[in-house]
Engineer: 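This is the structure I have questions about; it appears just below.
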Amino acid sequence: MKHLCEHPIALTELLQGSDHQSGAGLLFTGTVRNHHAGRAVRGMSYTAHHALAEAALETICRDAETRFDIVSCRIIHRLGELQLGDISVAILVHSAHREAAYEASRWAIETLKQKVPIWKQEHYVDGADVYLDGTTLDQAL
Amino acid sequence: MKHLCEHPIALTELLQGSDHQSGAGLLFTGTVRNHHAGRAVRGMSYTAHHALAEAALETICRDAETRFDIVSCRIIHRLGELQLGDISVAILVHSAHREAAYEASRWAIETLKQKVPIWKQEHYVDGADVYLDGTTLDQAL
Amino acid sequence: MKLLLAPYGPLIPVLGTAPVCVDTPARNATELLDWLHAQYPGLAPWRQRIACAVGDTLLSADATLAEGAEVALIPPVSGG
Amino acid sequence: MKLLLAPYGPLIPVLGTAPVCVDTPARNATELLDWLHAQYPGLAPWRQRIACAVGDTLLSADATLAEGAEVALIPPVSGG
């Protein structure tokens, strides 16, 4: 798996490898929060359609590199059981100029949320487990 | 020194400390590029008016936390001699929602470039050393 | 026709975990979903919100289904 | 009045490194800069682009200067 991982996301590894072409780096991380819509959260599960999610994430990275004036886009999404403060997704963009990095990073996370077959189930402190309502794929019937 | 440092910026340290309130993290890094305006760069020196730069960077962090719906803003700027690929500046923003993190991060780097008494001198492969033309402070006479 | 369904995310509590074996008169993806909605009233919140996939290909509305195919049922996504 | 000037960034190659001791009739920040521009033609690119500071305070145009003050000369900034 290139974009999906079952273990904690290693930011240090992701950030390694200096890139002499690029002048700007932008790392977005999504983290499990301790509250959602007023309810206290104790953890989160992420599941995926592995083949489709890998392909969709790869497409987002390559599209980002085409649409924006960036050098590279990498995305890692974690699956499995996450604790509070754990990182669920990391998006790293490198570019020569910072404007493009901000635009590409923002586009990548928005697109990920709309296109990638991954599901989040929140576990509340009160014991309830709730799948959050998501975004319907364009291909839905 | 809180915001200025003379040694390589330790991103791992900066990123440590999970924050259970925040759902989004955004780390911007500026890196010494191998080219500028068509000339091959071999390195860069950064100097500062230490007292004014520390105060200006602290003001930017606190202003970012007031202007945007974020949990925290941290900025570290490196001084001294930098090699290609070295990180010159790191800005880390945490927020509950990602929109505010992107806005605050972008505002912080733009404001830093306009307000903080730090100077960049580029060292070119051809041997020349050039101070880049910068942004005049509002208080200039 | 016999199919093996693989529900994902919030569809698992409604349909069960994969493989869910069904015997259906449906011949394509649209008919399969219509048939499923009739069989499982619990799917009502996902009317016109489920995509179908075989392997790593999302199916178009009129994509025909083969006997014994494994069909993934993809509800609205919520990654990030 | 004697002042100790501390040039920063691109002003160093023009004025030298701190402390640059000067004896000037200037009484405030504006007059100091006018006087410096007259003394150092190499400062021409920075006409109306230099801020003055004493300690960690940026000076206003009419801020009076004290004998022996250390005045930082802050050209356009280029951090990041």
Engineer: Can you say whether S88(B) sits under 4.5 Å from chain A via the side chain, the backbone, both, or neither, judging by heavy atoms?
Structural biologist: neither
Engineer: Please indicate whether D69(B) has more than 12 foreign heavy atoms, meaning atoms of other residues, nucleotides or ligands, lying under 6.0 Å from its CG.
Structural biologist: no
Engineer: Please give me the minimum heavy-atom distance between T31(B) and S22(A), naming the atom from each residue.
Structural biologist: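 In terms of heavy atoms, the two residues are closest at CB-O, 3.9 Å.
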Engineer: How far does CZ of R106(B) sit from CZ of R106(A), to the nearest 0.5 angstrom?
Structural biologist: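 So the CZ of R106(B) and the CZ of R106(A) are separated by 12.5 Å.
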Engineer: Between A96(A) and chain B, with a heavy-atom cut-off of 4.5 Å, which part of the residue counts as in contact: side chain, backbone, both or neither?
Structural biologist: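 Both parts, backbone and side chain.
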Engineer: Can you tell me how far CD of E99(B) sits from CD of E110(A), rounded to the nearest 0.5 angstrom?
Structural biologist: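 Spacing of CD (E110(A)) from CD (E99(B)) equals 6.5 Å.
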Engineer: With rounding to the nearest 0.5 Å, note down the distance linking OG1 in T29(A) to NE2 in H94(B).
Structural biologist: 5.5 Å
Engineer: Out of curiosity, E13(B) CD to T12(A) OG1, how far, rounded to the nearest 0.5 Å?
Structural biologist: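 Spacing of CD (E13(B)) from OG1 (T12(A)) equals 11.0 Å.
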Engineer: Does any backbone or side-chain atom of L11(B) lie under 4.5 Å from a heavy atom of chain A? Answer side chain, backbone, both or neither.
Structural biologist: side chain
Engineer: For Y102(B) and I109(A), which heavy atoms make the closest approach, and how far apart are they?
Structural biologist: OH-CG2, 3.7 Å
